[in-house]
Amino acid sequence: MRKFRIYFILLVLVSILVGCTETNILDRVGLTTLVGYDVGTEEKISTTAVVREINPEFQSNVEVITTENETSKGNRMKANRKLSKKITVGQMRVVLFGEEVAKGDLHFYIDSLLENPSVSNGLYLAVVEGETSELLQHEYKNIDDIGQHIYRLMEQNIKNEHMISSTLHEIAHDYYMKGKDIAMPIINRDEEFVELTGVALFHEGKMVSAFPVEDSFYLKIMRDNFKAGIFETILQKEDIPPALMKDTITEMPVAFDAIRSKRTLKLVDPATPEFDVQLKIKARLLEVHPDINTGDPKVIEALESAVSKNLSKELTRIVAQSQSVQSDIFGFGDKYRSSVRNSELTKDKWHEMYKNMKINVKVKFEILRDGVFE
């Protein structure tokens with residue numbers, strides 16, 4: 001009898017809790033999949049939301065709504081007045097920032113997203129060339145749902161390691177870290193296509209520079225260990241060993257895939273500061289022009305040496321560019337903080353040190369096996 005009473009009480013409590021839970025029936029709500037922020041008039045926030053509405057027959061309709069208000073929550077209220085269904089953000093997958101917003105300070109937006117329990121930490125953040133409203137409001141011929149399309153675009157490029165990852169969790173982690181700055185992909189519209197065009201660099205939450213999309217490989221390999229992906233580079237004449245020279249070639253395009261890399265970072269002089277960066281890279285050779293004798297070990301060794309030299313030069317270049325705008329997107333400051341006791345490192349202190357930092361990049365490139373040659 002006592003057990004029955006306990007089970008009965010538990011059943012009543014569960015019923016009460018379920019009754020208190022707010023339920024959202026699918027055909028009564030609008031699912032926000034993407035939100036873009038621009039600078040509005042009179043210091044207001046302009047918000048463009050991509051909302052998917054599903055009717056009782058499970059057919060969906062996509063609405064793109066732009067509103068202006070003093071706050072993002074106020075914009076949601078305005079958007080609700082334009083739709084027959086309540087807007088929810090639980091399915092939001094991407095947040096975009098217009099270029100002017102990104103050059104301001106993203107602190108407010110990052111905090112607002114983190115404080116919203118309905119927002120996933122796995123959503124992607126990116127910068128748009130120009131305004132997000134122009135990108136999202138355009139009527140694309142072959143894109144039915146621009147929100148889902150941009151999410152899939154970012155997801156497949158990040159998973160295939162063609163672009164750096166920029167989830168809310170990663171951006172917030174880097175933003176609040178004393179020895180690192182944030183970086184995000186840049187998106188742009190090219191006629192009827194939406195494409196990734198570069199990587200935005202930030203200094204204390206403000207966009208200060210950008211790398212072209214062709215440099216995303218170097219950024220990725222300097223920030224993280226590579227597990228897969230494709231890489232293409234052009235060896236210049238001064239980097240091509242005599243064993244590879246043919247006729248009067250001035251450059252040699254080469255392509256690799258199945259890349260594996262491991263980065264080792266060591267602080268060798270805290271005073272300067274000075275770092276040694278060692279990269280071990282293994283990859284499969286896919287293409288090389290003009291054709292070379294890949295069966296000759298000496299030729300392969302010469303090619304490995306040339307690619308190592310090329311990568312060292314390019315990695316040194318991108319770090320130097322980030323130093324010029326005091327944007328440590330690689331985390332050298334975090335390594336300095338963990339290596340130097342009582343460093344009392346602050347963001348301002350590290351940025352001053354970072355612009356004078358010295359790095360020694362050493363790359364060991366190894367070709368695993370041949371691929372397809374043309």
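Residues forming a side-chain contact (heavy atoms from CB on, under 4.5 Å) with Lys309 (at least two apart in sequence, or on another chain): Asp239. Among residues two or more places apart in sequence or in another chain, the ring-ring contact (aromatic ring centres under 6.0 Å, His included) test is passed with Phe365 by Phe256. Residues meeting the side-chain contact (heavy atoms from CB on, under 4.5 Å) test with Glu192, sequence neighbours left out: His138, Tyr140, Lys141. Here Phe330 pairs with nothing under the ring-ring contact (aromatic ring centres under 6.0 Å, His included) rule; sequence neighbours left out. His107 meets the side-chain hydrogen bond (donor to acceptor under 3.5 Å, both in side chains) test with Asp111; sequence neighbours excluded. Qualifying side-chain contact (heavy atoms from CB on, under 4.5 Å) partners for Val325, counting only residues two or more places apart in sequence or in other chains: Leu201, Val208, Ser209, Ser327.
Between the side chains of Glu170 and Ser165, at least one donor-acceptor pair of N or O atoms lies under 3.5 Å. Side chain to side chain, Asp144 and His149 fail the donor-acceptor criterion of an N or O pair below 3.5 Å.
Side-chain contact between Arg52 and Gln91: absent, with no pair of heavy atoms (C-beta onward) separated by less than 4.5 Å. Residues Val95 and Leu113 meet the side-chain proximity criterion, which asks for heavy atoms closer than 4.5 Å. The closest side-chain heavy-atom distance from Leu235 to Leu303 is below 4.5 Å. Residues Val194 and Leu153 form a side-chain contact, since some pair of their non-hydrogen atoms from C-beta on lies under 4.5 Å apart. Counting heavy atoms from C-beta outward, Glu195 and Asn157 have side chains that stay 4.5 Å or more apart. With contacts defined as side-chain heavy-atom distances shorter than 4.5 Å, the pair Val128/Ile186 does not qualify. Residues Ile187 and Val127 are not in side-chain contact: their nearest non-hydrogen atoms beyond the backbone lie 4.5 Å or more apart. Counting heavy atoms from C-beta on, the side chains of Val35 and Val94 never come closer than 4.5 Å.
Proximity of the aromatic rings of Phe217 and Phe226 is defined here by a centroid distance below 6.0 angstrom, and this criterion is met.
For the pair Ser339 (side chain) and Tyr336 (backbone), a donor-acceptor distance under 3.5 Å is absent. Side chain of Arg223 to backbone of Ile329: a donor-acceptor contact under 3.5 angstrom is found. Remark: the backbone N or O of Leu123 is not paired with any side-chain donor or acceptor of Arg93 at under 3.5 angstrom. Side-chain N or O atoms of Asn160 include one that pairs as donor or acceptor with a backbone N or O of Gln156 at under 3.5 Å. Listed for the His173 side chain is no donor-acceptor partner under 3.5 Å among the backbone atoms of His169.
Asp215 has a carboxylate O that lies under 4.0 Å from a charged side-chain N of Arg317, or vice versa, which qualifies the two as a salt bridge. A salt bridge links Arg152 with Glu155: the closest approach of a Lys/Arg side-chain nitrogen to an acidic carboxylate oxygen falls below 4.0 angstrom. In summary, Arg284 and Asp257 engage in a salt bridge, as defined by a charged side-chain N under 4.0 Å from a carboxylate O. Salt bridge present: Glu352 and Lys355 bring a charged side-chain N and a carboxylate O closer than 4.0 Å. In summary, Glu134 and Arg189 do not engage in a salt bridge, as defined by a charged side-chain N under 4.0 Å from a carboxylate O.
The two residues Val64 and Gln137 come nearest to each other via the heavy atoms O-NE2, 3.6 Å. Among all heavy-atom pairs drawn from Ser120 and Leu168, the shortest one is O-CD2, 3.9 Å. Closest non-hydrogen pair, Gly40 versus Glu68, comes out as CA-OE2, 3.6 Å. Here the shortest heavy-atom pairing between Lys103 and Lys206 reads O-CB, 4.0 Å. Ile164 approaches Met184 most closely through the heavy-atom pair CD1-N, 4.2 Å. Contact detail for Ser261 and Ile281: the closest heavy-atom pair is CB-CG1, 4.0 Å.
Shown here is Phe193, whose CZ atom has no more than 12 heavy atoms of other residues, nucleotides or ligands within 6.0 Å.
By the rule that hydrophobic residues join a cluster once side-chain heavy atoms approach within less than 4.5 Å of another member, Val268 and Val277 end up as members of separate clusters. Following chains of ILVMFWY side-chain contacts shorter than 4.5 Å, one cannot reach Met177 starting from Leu125, and the two form parts of different hydrophobic clusters.
Lys180 pairs with exactly one of Asp174, Asp328, Asp334 by the salt bridge (Lys or Arg N to Asp or Glu O under 4.0 Å) rule, that one being Asp174.
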